[in-house]
Structure formats: structure tokens, C-alpha cells
2 protein chains.
Amino acid sequence: MHNCTSHNDCITEALVRAESICNDRGLRFTDLRRKVLELVWTSHGPIKAYDILDKLDARIAAIKPPTVYRALDFLTENGLVHKINSLNAFVGCSHPLKHSECYFLICSDCGEAKECCSADLVEAIAKTGRRNEFLPEHITLEITGECGDCRGLH
Amino acid sequence: MHNCTSHNDCITEALVRAESICNDRGLRFTDLRRKVLELVWTSHGPIKAYDILDKLDARIAAIKPPTVYRALDFLTENGLVHKINSLNAFVGCSHPLKHSECYFLICSDCGEAKECCSADLVEAIAKTGRRNEFLPEHITLEITGECGDCRGLH
DNA sequence: AAGATTATGTTATAATATAACATTACCGGT
DNA sequence: ACCGGTAATGTTATATTATAACATAATCTT
Ligand SMILES: [Zn+2]
Ligand SMILES: [Zn+2]
Ligand SMILES: [Zn+2]
Ligand SMILES: [Zn+2]
């Protein structure tokens, strides 16, 4: 489903990156936030808040929903995690720095949610905004369908 | 918030259109489905499932959630209603026939959800799909921000 | 150290959605 | 009109997702 060469490295890198971003911005990358982000990346695909809760519970015990949601809010607000509304799930942002707007290609077969950016899309959306005198603040673009792997293209 | 000249006409037209579409396709436009669609259009903006439930309750009594959700499923599957995932709300489709894909400009101020279509956007999304060997089936595009009216442009 | 601020813990509950099974309405063929 | 199949709705219960409200603890500022 995901084709990173070493998934452990992939998680570690995400955590290091997140820590450095938080430091740069004067944000507190607490233990809890780190653990939640780690779980999001460990899943390496959309993960649900209550699944994070269960996994945290196994490690810490007696974690309650608000704790998880608050950590997810923090991570989402700071661009380290995205919420996928059509799945009620969360996924780590693969490029939290050069981050204009992110889109997702979500395979209904294997569940992969591939994050992508496209200048064309950004421009088309901006144009739609201008044409409608609308000032965009946040964009949710989730494209479900079937990925190449699942259609046997390789 | 909405600028139709006569909101009653607007509702009536939507219902007539829906009935005719259902007839053409051999679908049953039952009383319940009609009432739910009517409530969706009466709100003329995103409305929540449980608000529909409350309003139906006042008219029929003892309506339960599955009843509403089933009607909404029917309407959504047949393109008469769209679900706006980022709001957990439903809105009537303004052009259920010439219906390729619909996008929403959602004003965080006044709550209006303006449906729009854009060839550029469709093409940009198709291109993103091709580039990623991804076969799109359903697109969720919800742009939140501020509409012209709320920014005092008129 | 005192006071302000931010983060987390805790309890309870709100809001959204579906599973599973019973009943009713509708449709087509006889 | 009757039968039998299918589709729609009713009903009960429960699952899933998310937040309000208030208490405590950790951290930062002065
Ligand atoms: Zn991203
Ligand atoms: Zn796939
Ligand atoms: Zn539409
Ligand atoms: Zn507005």
C-alpha cells in the first residue's frame, strides 16, 4: 500500500521534521503530541481518532477522547496532519513546509490516501474563487477512486 | 443569503424536477423522499440530518434516524442532494441533470454553500488523476472562505 | 516565588450514523 | 383478485465521532 523503502525511517523523519517545525515556530511539541503524530505516521494511511485512542491506551492507559482530539487539533492546525473529512480520519502531511494546499487521491480498494499538489488545481480553484468573488481560506479536495496498483497496472 | 426571487417557486421547481427525474429512471419518489427533499430545499442551505428529523417529527411524528438517513442516501445516490462532508450537512443539487461534478463555495460567515461547476477544475482534476494513474470515481471539493456579500463587495 | 498561560486529565454528554430485524407497500405475473 | 417477490419503511438498539465544562498540572514570565 505504501512504497517507502524503510517505514521506520519514514516515521522518524516525520517526527524530526515536526519537532524542528515546532521549535522554529515556538510551539510545544509535547510527549502526547509526539506520540499521536507517531501513531498517525505508523499507520501510514488514514487513521481514526478512536484507533489512535486505543493504541495510546495500550501504551499509556486511561487516555480519553478529548486528549486525542486536542492533540489532533494541534497537529492539524499546524499543518502536520490533515483530516480527511470523507473518511473521518487523519493522515500525516507529507510536506508540512512547502505546503500550499494538499489534495488526496483515496483508493477505495486498498485505502491508500496519496497526498498531492498541483499548480493547475491551485490555479483553477483560485480562478473559481475570483469568478465568484469568493475569498478561499481552506480547501477540502478528496478524490476517491482506484489507484494504479489496484487496477493491476504494474 | 440566497438570492432566488421566489423561494417557494424554487422549492416547487426542485420537487417537480426530482419527480420527473425519478419517473424517467424508474425510481420511486415516495412521500417520505419528497418530504425530505422538500425540507432540504426549504432550508436552501446546508441542513443537518437531525434537523430534518426534528422538522419531519413536527409534521409526521415518531420519525427515527434510519428513516431520514435512508431517504438522504437515496437522494444522494441519485444526485438530487449532495452531502457536504466538512459540515456533516446536506444540500439540494441545483442542477441534477447536467451534472458532471459539483463543487461548493462555503461562506464561513453567512453559511451559504454555493454550488458551482468549472471546466478548468474538472480538467485539472482529471489531469491529476492521469498523472497518478488514478481512476477518479467521486470528488469532494469544498472550499470554505468568505463570500463577496459578507466582505461587503456590494 | 507569584501569577499568567498553556496543556492535560476527567466526567459527562452531544452529535452523527448504522446494524439488525419486523412490517408494510408495491409490482408483476397468473 | 391472489400470490409471491422486491423494495420501502418502521422499530429497537447501539456504534461511532466529537465536544462542553471544569479540575489539575506543567511551563513560562516577571
Ligand atoms: Zn499536506
Ligand atoms: Zn489501491
Ligand atoms: Zn450538484
Ligand atoms: Zn457570506
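As the structure is a prediction and not an experimental result, all values here were calculated from the model. A note on names: the letters A, B, ... follow the listed sequences, proteins ahead of strands, and every chain is numbered from 1.
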* **Chi angles and distances behind the salt bridge (charged side-chain N to carboxylate O under 4.0 Å, His left out) call for Arg33(A), Glu19(A)** => CA-CA 10 Å; Arg33(A) 290 164 177 175; Glu19(A) 180 154 29; over 6 Å; no
* **Footprint string (nucleotides 19-30 of chain D, 5' to 3'): B base within contact, S backbone only, - free, heavy atoms under 4.0 Å** => BB------S---
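Between His44(B) and His7(B), the angle of the ring planes stays under 30°, which puts this pair in the parallel group of the 30/60° scheme.
Neither OP1 nor OP2 of dT14(D) sits under 4.0 Å from any side-chain N or O of Lys64(B). Look at Thr67(B) and you'll find a side-chain N or O under 4.0 angstrom from OP1 or OP2 of dG10(D). Taking only side-chain nitrogens and oxygens, Lys48(B) never comes nearer than 4.0 Å to OP1 or OP2 of dA15(C).
When side chains are defined from C-beta on, Thr30(B) does not count as touching Phe74(B), because their heavy atoms never get closer than 4.5 Å. Proximity of Phe104(A) to His82(A): side-chain heavy atoms (C-beta onward) are separated by under 4.5 Å at one or more points. Taking 4.5 Å as the limit, some side-chain heavy atom of Asn88(A) sits within range of a side-chain heavy atom of Lys83(A). Side-chain contact between Ile84(B) and Ser86(B) is present, with heavy atoms from C-beta onward closer than 4.5 Å.
Residue Thr30(B) is in sugar-phosphate contact alone, with no base atom involved, counting any heavy-atom pair closer than 4.0 Å across all strands shown.
Summarising the geometry, the separation between CG on Leu87(A) and C1' on dA17(C) is reported as 15 Å, rounded to the nearest angstrom. What separates CG of Leu72(A) from P of dT8(C) is a distance of 12 Å, to the nearest Å. To the nearest angstrom, P of dA8(D) lies 17 Å from NZ of Lys35(B). One atom, CD1 of Ile63(B), and another, C1' of dG10(D), lie 9 Å apart when rounded to the nearest Å. Following rounding to the nearest Å, Phe74(A) (CZ) and dT5(C) (P) show an atom-to-atom distance of 19 Å.
Between Asn88(B) and Asp31(B), it is Asp31(B) whose nearest contact on DNA chain D lies nearer the 5' terminus.
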